[in-house]
Amino acid sequence: MDNGMLQLATGIMLGLLGLGAGCAMIAGIGPGIGEGNAVAKACEAIGRQPECKSDVTSTMIMGCAIAETTGLYGLIVAILLIFVAPGSFTDILKNITK
Amino acid sequence: MVDYGLIAMMLLPILACIVLKVLFTPASEGVNISGALVYFATDENLTATTFYISESQVNSIAVTISIFGLCLYLTHGLTAKAVCKRQLAAEWIVEKCEKLVRDNMGGFFAGWAPFVAAIMALSAFSSLICLVGLFSPTGDVNITFGWAILVFFLIMHYKFRGGLWNYFIGLFKPIPFFAPMNLIGEVATPVSMAFRHYGNILSGAVISALVGSALTGLSHSLLGWLPGILGDMPLLRVGLPAVLSIYFDVFSGVMQAFIFAMLTMLNVAGAVPWDDWNARRRKQNKPEIQNTAA
């Protein structure tokens, strides 16, 4: 494989990694909807029983932070694809050309 | 005199970390989103077998020493009358932690307050250390995974209380078909705890870095015509990153520390098979254990 082909392969690979990272972040939709629902219900609960405000708020924040997990998995995959994967793939390509 | 020594014990490790970071940071420009700096490695290319000491390890040990100093400072010179504010603060912390543990885990686990408080303080201060410009140890998956594995061992310890055979049978419930899923579920607990904490801190750091670099570029293009040194300074970076930092560094860091401690408590307290354990103890002629109501 000559140098031009190697550059082309690296370019295609980096583009696909970026595309994959973007696709992985679709996972952000789920927690967004879920946390929105949770906050809406918490607002309803506070409206019905204003005296429980502090309890409801702390439980809601706790639940929101746990519901965020799935989105964070997507984020971690995206970060790995952008910052970690290119290095190892480039090493593989270099080893192939040797 | 002892007080000054203890205050120095709190501050010096952090200062030492800052000095170490300044010495090791390479001069660079532009967006800098990198993992922890590596201070020492037996091999230049970090492979799986390389032994290396990274910034996150050093920082987490510095945080540990700092917290130890803080504890010694707060508990130095205790009196029965509780006249100084320091003692009131220490008593408040201890009371809150014991109440939290008792409410969430029940009376049997009342002795767990120090452990839970330690894990919460370590996590919170590790996240907050980025306020002085250091890399948060919690932004490194190795550190959070270490804590999660520690919690996993504790969970397993209590799950085995009901007898190894009962635990093994429990994996095949409700139907044997679920065994692989139950097994994955056991392993998923530490993985999800570690990744939740790590991902929150890391995403905050990445977003802060991106916003900072974007504002730098914007101020160079908009305010570059200013004379002299004013043109070089990223003036637009004043303000917005600080507001983001309040959410991403302070709120998110403390929140994740609380959630990590909360999940530790709930997972450990929920892992105990009370019926099986008491059945085993009856066989061994030992008194039964009751977890007093939460």
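A quick note: this is a predicted structure, and the numbers were derived from the prediction, not measured. Quick note on labels: first sequence line is chain A, next is B, and so on, each numbered from 1.
Taking the side chain as every heavy atom from C-beta outward, B/V254 and B/S127 never approach each other to under 4.5 Å. Residues B/N182 and B/E186 fail the side-chain proximity criterion, which asks for heavy atoms closer than 4.5 Å.
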Could you walk me through whether B/F115 and B/V268 pass the side-chain contact (heavy atoms from CB on, under 4.5 Å) check?
-> CA-CA 12 Å; B/F115 174 75; B/V268 171; over 6 Å; no

I would like to know whether B/S54 and B/S56 meet side-chain hydrogen bond (donor to acceptor under 3.5 Å, both in side chains); could you show each step before the answer?
-> CA-CA 5 Å; B/S54 70; B/S56 49; 3.0 Å; yes

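Heavy-atom neighbours of chain A within the stretch residues 189-199 of chain B, taken at a separation under 4.5 angstrom, comprise B/S192, B/F195, B/R196, B/Y198, B/G199.
The backbone N or O of B/L210 lies less than 3.5 Å from a partner atom in the side chain of B/S213, making a donor-acceptor pair.
A/I79 touches chain B through its side chain: at least one heavy atom from C-beta onward sits under 4.5 Å away, while N, CA, C and O do not.
The shortest non-hydrogen separation linking A/P86 to A/M13 is O-CE, 4.3 Å.
Screening B/F109, B/F152, B/F153 against B/Y158 for a ring-ring contact (aromatic ring centres under 6.0 Å, His included) leaves a single residue, B/F109.
Listed options A/T70, A/I61, A/I76 were ranked by heavy-atom pairs under 4.5 angstrom with chain B; first place goes to A/I76.
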